[in-house]
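Heads up: the structure comes next, in structure tokens.
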Amino acid sequence: MTTLLITHPASLLHAMPPGHPERPDRLRAIERALEAERFAPLIRLEAPLGTIDQVALCHPPAYVQAILDASPQEGFVQLDADTTMSPGTVEAALRGVGGAVMAVDEVMSGKARNAFSAMRPPGHHAERERAMGFCFFNSAAIAARHAQKVHGAERVAIVDWDVHHGNGTQDIFWDDASVLYASSHEMPLYPGTGAPSERGSHGTIVNAALAPGDGSDQFREAFEVAILPRIEAFRPDIVIISAGFDAHWRDPLANINLREGDFAWATQKLMDFADKHANGRLVSILEGGYDLEGLATSTAAHVGALMGS
């Protein structure tokens with residue numbers, strides 16, 4: 001068993017207006033980084049098209065249809081100040097769902113030790129019935145529900161280290177005792193949620209807020225003190241990472257000062273817990289990261305850790 005990398009060219013077709021940080025070059029930078037010889041052992045697959053039924057695991061059918069109906073034939077459609085659709089957006093978003101679901105299938109069936117779905121647009125800001133923050137469908141949340149519905153996972157842990165709080169994932173699982181959502185993120189920062197007092201109806205929401213200017217020490221302490229003990233107690237059947245790399249010190253959209261080694265360290269910690277409680281089952285899904293160099297080097301460190309190198 002090895003590490004699976006899931007991508008698809010359709011991710012590049014989700015166009016953005018000039019100057020938008022969530023741009024196709026993000027994936028091009030990742031692709032170049034993962035062309036290095038040390039990543040040759042990766043098993044590389046193309047993401048299938050996610051189905052409407054899969055999206056509906058987390059989003060009501062009326063919302064899904066509204067997104068499909070909003071798709072433009074040309075140009076752009078603005079859903080909010082940050083979130084824009086182009087003619088390629090719907091396929092890219094559905095491929096993102098399909099990649100996340102494929103990652104779960106391959107890992108839960110034992111065909112891969114772990115998997116990284118490198119797709120865009122990101123998803124963790126997408127609430128049940130609201131697209132926002134560059135996000136349309138919440139792929140990490142859908143992956144968790146798919147693991148439960150199709151593979152019988154009783155408990156799923158989602159760990160989100162994107163620098164922005166995953167309000168969408170929190171919204172979807174607020175009342176669900178079977179999914180642990182744990183997030184480290186800068187606060188105050190968009191979208192304004194993620195206070196430690198936000199714990200969910202069953203205490204399965206864990207928010208570890210970092211202050212502007214925090215770096216490696218504070219990030220690792222947040223994991224060691226707030227997040228990892230909760231995963232230990234929860235004993236998940238699979239671990240899903242919302243892997244945003246915008247907490248890197250170079251990123252223009254935030255003020256946290258992580259280095260590549262911090263992402264590798266966090267990856268290894270979560271792999272250790274997956275080995276202990278979940279037969280090693282771990283799926284990682286790309287979220288943010290808007291400085292191309294920081295994104296590329298951080299992703300390489302993350303995937304290298306997944307591979308055990």
Side-chain angles (χ1 to χ4, degrees), residues 4 6-8 10-11 14 45-68 83 89-109 112 114-160 162 166-176 178-183 200 204-205 236-244 278 281-288:
L4 174 64
I6 300 171
T7 60
H8 197 281
S11 286
H14 169 51
L45 295 177
E46 287 196 343
L49 200 64
T51 68
I52 300 304
D53 286 345
Q54 289 167 350
V55 179
L57 291 172
C58 292
H59 300 287
Y63 167 79
V64 180
Q65 191 60 50
I67 294 295
L68 300 181
T83 311
T89 297
V90 166
E91 181 180 355
L94 288 174
R95 294 276 181 191
V97 170
V101 167
M102 171 186 270
V104 169
D105 288 342
E106 296 293 305
V107 168
M108 292 297 289
S109 66
N114 50 50
F116 177 54
S117 181
M119 304 287 291
R120 59 178 285 276
H124 74 152
H125 292 308
E127 298 180 346
R128 294 175 189 271
E129 301 182 60
R130 183 185 181 192
M132 59 182 288
F134 316 158
C135 303
F136 303 90
F137 303 139
N138 196 315
S139 294
I142 293 166
R145 280 282 182 253
H146 181 77
Q148 293 179 318
K149 180 178 180 180
V150 174
H151 297 282
E154 295 182 5
R155 296 174 305 281
V156 179
I158 301 175
V159 180
D160 186 341
D162 191 284
N167 59 291
T169 312
Q170 176 170 291
D171 172 66
I172 290 167
F173 296 116
W174 184 266
D175 295 319
D176 192 331
S178 70
V179 177
L180 176 75
Y181 175 65
S183 174
T204 49
I205 304 294
D237 298 310
I238 182 173
V239 175
I240 296 173
I241 302 174
S242 272
R281 293 184 291 255
L282 184 146
V283 164
S284 178
I285 297 169
L286 179 67
E287 300 285 0

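Side chains are part of it too, since the values below use all heavy atoms of this structure and drop only hydrogens, waters and symmetry mates. These numbers were taken from a predicted model, which means no experiment stands behind them. Numbering of residues begins at 1 and proceeds along the displayed sequence.
Ser242 meets the side-chain contact (heavy atoms from CB on, under 4.5 Å) test with His124, Ala140, Ile158, Asp160, Glu287; sequence neighbours excluded. With sequence neighbours left out, the side chain to side chain donor-acceptor pair (under 3.5 Å) criterion links Thr89 to His14, Ser86. Residues satisfying the salt bridge (Lys or Arg N to Asp or Glu O under 4.0 Å) criterion with Asp176, sequence neighbours excluded, are Arg145. Taking the side-chain contact (heavy atoms from CB on, under 4.5 Å) definition, one finds that Asp237 meets it with Ala153, Glu154, Arg155, Arg281, sequence neighbours left out. With sequence neighbours excluded, the residues forming a side chain to side chain donor-acceptor pair (under 3.5 Å) with Asn114 are Thr3, listed by chain and number. Judged as a side-chain contact (heavy atoms from CB on, under 4.5 Å), and not counting sequence neighbours, the contacts of Ala141 are Cys58, Asn138, Ile172, Phe173. Annotation: side chain to side chain donor-acceptor pair (under 3.5 Å) contacts of Asp53 (sequence neighbours excluded): none.
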Run the side-chain contact (heavy atoms from CB on, under 4.5 Å) check on Gln148 and Ser178 step by step: do they pass?
CA-CA 9 Å; Gln148 293 179 318; Ser178 70; 2.9 Å; yes
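The line from CD1 of Ile52 to CG of Leu57 is 11.5 Å long, rounded to the nearest 0.5 Å. Distance check: Ile285 CD1 to Ile241 CD1 gives 9.5 Å after rounding to the nearest 0.5 Å. Taken to the nearest 0.5 Å, the CZ atom of Arg120 stands 10.5 Å off from the CZ atom of Phe134. Between atom OG of residue Ser284 and atom CG of residue Leu4 there is a gap of 11.5 Å, rounded to the nearest 0.5 Å.
Under the side-chain hydrogen bond (donor to acceptor under 3.5 Å, both in side chains) criterion, the residue pairs touching residues 55-66 are Gln65-Asp69, with sequence neighbours excluded.
For His125 against Gly133, the heavy-atom pair with the smallest separation is CD2-O, 3.3 Å. Heavy-atom minimum distance, Ala131 versus Ile67: CB-CD1, 4.1 Å.
Within the 4.5 Å cutoff, the side chain of Val179 has no heavy atoms near those of the Thr204 side chain. The shortest side-chain heavy-atom distance between Met132 and Asn167 falls under the 4.5 Å cut-off. Residues Gln170 and Ser183 are not in side-chain contact: their nearest non-hydrogen atoms beyond the backbone lie 4.5 Å or more apart.
Residue Tyr181 forms a side-chain contact (heavy atoms from CB on, under 4.5 Å) with just one option from Val159, Val156, Ile205, and that option is Ile205.
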Tabulate below the donor-acceptor pairs under 3.5 Å that side-chain atoms of residues 93-107 make, not counting sequence neighbours, or state none.
from   : atom 1 : to     : atom 2 : distance (Å)
Arg95  : NE     : Glu91  : OE2    : 3.1
Arg95  : NH1    : Ala47  : O      : 3.1
Arg95  : NH2    : Glu91  : OE2    : 3.2
Asp105 : OD1    : His146 : NE2    : 2.6
Asp105 : OD1    : His151 : NE2    : 2.7

